[in-house]
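Throughout, protein chains are lettered first and strands after them, A, B, ... in sequence-line order, and every chain is numbered starting at 1.
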Protein chains: 2
Amino acid sequence: MLQRLNDRTWPVGTNLPHEVQLAEEFQVSRGTVRRALESLVDAGLVERRRKAGTRVVERRAYASTLTIPIVRDEIEQAGYRYGYKLLFSQMGGSDLDTQGLFGEAPLRWVKCLHLRDGRPYQYEDRLINVDTIPEAAEQSFVELSPNEWLVAHVPYSAVRTVLRADLAGGEDIRYLQLRAGDVIFVVERYTALGKQPLTFVRLRHPGHTFQIVTEVDTSC
Amino acid sequence: MLQRLNDRTWPVGTNLPHEVQLAEEFQVSRGTVRRALESLVDAGLVERRRKAGTRVVERRAYASTLTIPIVRDEIEQAGYRYGYKLLFSQMGGSDLDTQGLFGEAPLRWVKCLHLRDGRPYQYEDRLINVDTIPEAAEQSFVELSPNEWLVAHVPYSAVRTVLRADLAGGEDIRYLQLRAGDVIFVVERYTALGKQPLTFVRLRHPGHTFQIVTEVDTSC
DNA sequence: AAGTGGTCTAGACCACGTC
DNA sequence: ACGTGGTCTAGACCACTTC
């Protein structure tokens, strides 16, 4: 079926035969046809609706998958030495614009720096909801970064990610050792478990050393 | 099962009971348990290996999905007016660094501009492999952008995406009407069908008006 | 070697949404 | 109303990989 989609035997807009017909044609059971069709849906190649049937769609979605990396692994796997420094930690307050995401919940506010071969790689500015993650109040984050601790311990179900480019500002210049006019790559991430807010983080990378690369291959 | 993962009845590192046991416990058939477990694998919550069993993993992968948008839709759905202008088109050559991705294949080289409410929104610099997409030689791309035409007509199976931040250079300043020192958000995308290269594109957006937002919710 | 997940079958019934 | 996809079952057998 994938081959027929790729060689445009079934071009965009076509309806495929229904499950029972496909099962007969390929001499397999309906269940097997279903699993195959489901994987085509997952790959974003067709869409299915009851009664309407299975339709070939334009290929655009499902291009790439972003991950929440452990910065340490990211750096070490690239063959560099990882370093970490806690810059700041307190309960409550923050100049981050959280747009009321956390309501009145008590927050832990942490700033830290991830280093690659001793040089600033990422400046992390984070808020943690102590209502939903009470253990976060006891963590010092002196040795272990919030990033690493959270990924290891706290499950989430919803993520919102924003990627953008920015110019280096005051804290970037100080912590990331940049100059005014330098470029910053910003990742903001907000995670929740169900409707409970967990954490919001703003990650700032020197633009000249950082990029996100994703690869996907859904080949035949 | 999702609930047990979220409330850490089954914490990271645990092995789940095997399929037959779960089937008995939840009073369903093994097939049903399997489908549920498969969706947990897709969500990146567990990993499974024969004989070794089903294991709870750290939650980091599978955060967000990037799409290959049709720029027109992206702009119009945000409530703006879309505009398009072909800047340049020829066969062969290019100053883009394609790192030998296309080998000796004949290429179509196109530059164009996507406008939002009359203002430059995205500067597109693209190479199309005419060996694998011969129809691309006949398209003028005067009315219809390569982006739109390709998404509608050409299936792909592999995508490589690079996201980064940059400073505005010569062409950005001219086409995107920016000033030296302004920030650019760059998306580079390379697509292929199997091992056949299809197209490489570099998209440049004014950094102050552009960001990528992705949301995922795998809630209970 | 044994135990786990992986694949397949044949059949039943359900539920949605288009016609 | 009816045709399509969606869900479930009970069972068989296979294939990998760890013990």
Colleague: Hey, can you pull the residues of residues 14-23 of chain A with a non-hydrogen atom under 4.0 angstrom from DNA chain D?
Modeller: A/H18, A/E19
Colleague: Answer yes or no: is there a donor N or O on one side and an acceptor on the other, between the side chain of A/D166 and the main chain of A/I184, under 3.5 Å?
Modeller: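 Here the side-chain-to-backbone pair does not exist.
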Colleague: Within the supplied structure, the quantity of interest is the number of heavy atoms (other residues, nucleotides, ligands) at a distance under 6.0 Å from A/R8 CZ; does it exceed 12?
Modeller: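 Yes, CZ of A/R8 has more than 12 neighbouring heavy atoms, counting only those of other groups under 6.0 Å.
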Colleague: Could you state the atom-to-atom distance from CZ of B/R35 to C1' of D/dT9 in whole Å?
Modeller: 11 Å
Colleague: Rounded off to whole Å, could you give me the CD-to-P distance for the A/E47 and C/dG17 pair?
Modeller: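 The answer, rounded to whole Å, is 13 Å.
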Colleague: Does the protein touch nucleotides 10-19 of chain D at the base, only the backbone, or not at all? Give it as B, S and - per nucleotide, heavy atoms under 4.0 Å.
Modeller: --B--BBBB-
Colleague: Considering just the side-chain nitrogens and oxygens of A/R34, establish if one lies under 4.0 Å of OP1 or OP2 belonging to D/dG6.
Modeller: yes
Colleague: Taking only residues two or more places apart in sequence, or in another chain, which ones meet A/S140 in a side-chain hydrogen bond (donor to acceptor under 3.5 Å, both in side chains)?
Modeller: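 For A/S140, no residue satisfies side-chain hydrogen bond (donor to acceptor under 3.5 Å, both in side chains) once neighbours in sequence are set aside.
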Colleague: Counting only pairs under 3.5 Å, give me each side-chain donor-acceptor contact of residues 30-37 of chain B, with atom names and distances, residues two or more places apart or in other chains.
Modeller:
| residue | atom | partner | partner atom | Å |
| --- | --- | --- | --- | --- |
| B/R30 | NE | B/E19 | OE1 | 2.5 |
| B/R30 | NH2 | B/E19 | OE1 | 2.9 |
| B/T32 | OG1 | B/S29 | OG | 3.3 |
| B/R34 | NH1 | B/E19 | OE2 | 2.7 |
| B/R34 | NH2 | B/E38 | OE2 | 3.1 |

Colleague: Between B/Y121 and B/H114, does the ring centroid distance fall short of 6.0 Å?
Modeller: no
Colleague: Starting from C1' on D/dC8, measure out to CG on B/L37 and report it in whole angstrom.
Modeller: 16 Å
Colleague: Which pairs with one or both residues in residues 123-147 of chain B pass ring pair (Phe, Tyr, Trp, His ring centres under 6.0 Å), sequence neighbours excluded?
Modeller: B/Y123-B/Y175, B/F141-B/W149
Colleague: Counting only side-chain N and O atoms of B/T54, is one of them less than 4.0 Å from OP1 or OP2 of C/dG5?
Modeller: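 Answer is yes, contact under 4.0 Å.
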Colleague: What is the distance, to the nearest angstrom, from the CD atom on B/E38 to the P atom on D/dG6?
Modeller: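 Between P of D/dG6 and CD of B/E38: 15 Å.
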Colleague: To the nearest Å, how far apart are A/R48 CZ and C/dT18 P?
Modeller: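 The answer, rounded to whole Å, is 15 Å.
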Colleague: Can B/R164 and B/E188 be counted as an ion pair, charged N to O under 4.0 angstrom?
Modeller: yes
Colleague: Among pairs that include at least one residue of residues 137-154 of chain B, which meet salt bridge (Lys or Arg N to Asp or Glu O under 4.0 Å), considering only residues two or more places apart or in two chains?
Modeller: B/R72-B/E148
